[in-house]
Each structure stands twice: as C-alpha cells, then as structure tokens.
Visitor: 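Next up is a structure, given as structure tokens.
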Amino acid sequence: MGTRDPRVDAYIRSAAPFARPILRGLRAVVHDACPGVAETIKWRMPFFVCEGPLCFMAAFQRHCAFGFWKSSRVVRSAPGRAPAMGQLGRIASADDLPTRRTLLALVRRAVRANATGTPSPTRGRAARRPPPRVPADL
C-alpha cells in the first residue's frame, strides 16, 4: 500500500486555485498506476517514489508541471507545447493534460524502468577549465 504525505496535502492546499484540481488529478493517477508509491517532498515540490524517484509535480503562479525522473526512458517532451519544467509542457488547465489512459501508461512505464534497474541517463561531465591566469602585476 502506498503512503500519502500530509506535506503534499499542504502543498496542494497552498497552490493557486486553478492548480488544485490539476494536482489532485495527477496525484490520483500516480496512485492508481502504482498502488505502492510513496509521496515525499524534494526540492520543495511533491515527488513520488517507488524503488527510487519516479515522478514529480509542481505548481507555479500560472501553470503546473509534471515530469518523470528517468524522463528519456519514459516520454519525450510534448511537441508543440510551451516549454516548462517536466515533459508535459505548461499545464494551465486539465485540458492541457494527456488523457488519463496515457498518463497511466506513462507512470507504469516509469515504474517498470525503476523496477528493472534502468539507470538514470547521465549528463556528460563539463570539460575541465584551465586554471585562471594571474596577471603579472598581482
């Protein structure tokens, strides 16, 4: 059985009125797709965890965001959508979300990626910078 975190309830209550139904709906979809999911707060936003970080949601002044931790293993960013944190673009209303069926499939794909131990894609390391040059007059 999954766990619900009261801090997520508080986060949803403190969100803008337009965002509350969106966040409640996303939360319900995640719990329906993965009954064993646990909620937590990371980086001051709700995260869902099942054998590692799974997905997150966030509310801003005029839009919401939803994304997956192992995003490249789950979904590509929504084409033609206004860019935003997460892979679904700016979510200003429930109409901006994919269908419930699509969301369930995406969350289940993320659960499988965590269950099979698929590693998170790594970012390449930045090239080493040469040491700073000290001016001769110093």
Side-chain angles (χ1 to χ4, degrees):
M1 182 72 182
T3 60
R4 291 184 180 258
D5 190 325
R7 297 175 299 169
V8 175
D9 293 320
Y11 183 92
I12 293 171
R13 277 193 309 273
S14 70
F18 83 90
R20 292 179 199 144
I22 296 168
L23 297 175
R24 280 191 217 104
L26 289 169
R27 185 186 200 187
V29 166
V30 172
H31 280 276
D32 288 348
C34 179
V37 74
E39 297 176 346
T40 189
I41 298 288
K42 292 179 184 278
W43 298 287
R44 295 176 17 194
M45 64 184 159
F47 262 76
F48 300 93
V49 180
C50 182
E51 297 186 43
L54 189 65
C55 54
F56 61 88
M57 62 184 184
F60 302 101
Q61 289 181 356
R62 301 197 192 292
H63 72 280
C64 296
F66 184 77
F68 296 94
W69 190 251
K70 296 179 178 177
S71 60
S72 67
R73 308 281 193 252
V74 178
V75 64
R76 292 186 181 179
S77 294
R81 303 283 308 267
M85 177 174 45
Q87 290 76 43
L88 302 183
R90 290 179 183 268
I91 304 166
S93 73
D95 295 336
D96 294 335
L97 288 169
T99 65
R100 178 178 172 79
R101 184 177 184 182
T102 301
L103 282 171
L104 286 167
L106 292 173
V107 173
R108 288 179 181 138
R109 193 177 305 159
V111 170
R112 279 192 306 275
N114 278 3
T116 59
T118 303
S120 296
T122 57
R123 293 183 181 169
R125 291 193 174 248
R128 268 208 119 107
R129 292 184 182 182
R133 197 173 63 88
V134 180
D137 58 337
L138 291 180

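A quick note: this is a predicted structure, and the numbers were derived from the prediction, not measured.
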Visitor: If I compare all heavy atoms of Pro98 with all of Leu103, which pair ends up nearest, and what's the gap?
Guide: O-CD1, 3.9 Å
Visitor: Checking side-chain contact (heavy atoms from CB on, under 4.5 Å) for the pair Leu97/Leu26: CA distance, chi angles, key distance, verdict?
Guide: CA-CA 9 Å; Leu97 288 169; Leu26 289 169; 3.9 Å; yes
Visitor: Can you list everything that forms a side-chain contact (heavy atoms from CB on, under 4.5 Å) with Thr99? Sequence neighbours excluded, please.
Guide: Arg101, Thr102
Visitor: Pairs in or reaching into residues 21-56: which pass ring-ring contact (aromatic ring centres under 6.0 Å, His included), with residues at least two apart or in two chains?
Guide: Trp43-Phe47, Trp43-Trp69, Phe47-Phe56, Phe47-Trp69
Visitor: What pair of heavy atoms forms the shortest contact from Asn114 to Cys50, and how long is it?
Guide: ND2-O, 3.0 Å
Visitor: Arg20: which residues meet the salt bridge (Lys or Arg N to Asp or Glu O under 4.0 Å) condition with it, sequence neighbours left out?
Guide: none
Visitor: Just jot down the side-chain contact (heavy atoms from CB on, under 4.5 Å) partners of Phe60, sequence neighbours excluded, or say none.
Guide: Ala58, His63, Ala65, Met85
Visitor: Using the side-chain contact (heavy atoms from CB on, under 4.5 Å) criterion, which residues pair with Val8? Sequence neighbours excluded.
Guide: Asp5, Ile12, Arg27, Glu39, Ile41, Pro46, Met57
Visitor: Hydrophobic clusters here meaning ILVMFWY residues chained together by side-chain heavy-atom distances under 4.5 Å, can you tell me if Val29 and Leu88 are in one?
Guide: yes
Visitor: For the atom pair CG (Asp9) and CZ (Arg4), what is the distance rounded to the nearest 0.5 Å?
Guide: 7.5 Å
Visitor: Closest approach of Glu51 and Ala115, non-hydrogen atoms and distance?
Guide: OE1-CA, 3.4 Å
Visitor: For the CG atom of Leu54 and the CZ atom of Arg109, what is their distance to the nearest 0.5 Å?
Guide: 12.5 Å
Visitor: Evaluate Ser93 against Phe18 for side-chain contact (heavy atoms from CB on, under 4.5 Å), listing each step before the verdict.
Guide: CA-CA 7 Å; Ser93 73; Phe18 83 90; over 6 Å; no
Visitor: With sequence neighbours left out, what residues match Ala59 under side-chain contact (heavy atoms from CB on, under 4.5 Å)?
Guide: Tyr11, Ala15, Ala19, Leu23, Cys64
Visitor: For Cys55 and Val30, work out which heavy atoms get closest and say how close.
Guide: SG-CG2, 3.8 Å
Visitor: How many angstroms lie between atom CG of Leu106 and atom CZ of Phe68, to the nearest 0.5 angstrom?
Guide: 4.5 Å
Visitor: Provide the closest heavy-atom pair for Ala16 versus Gln61 in the form atom of the first, atom of the second, distance.
Guide: CB-O, 4.4 Å
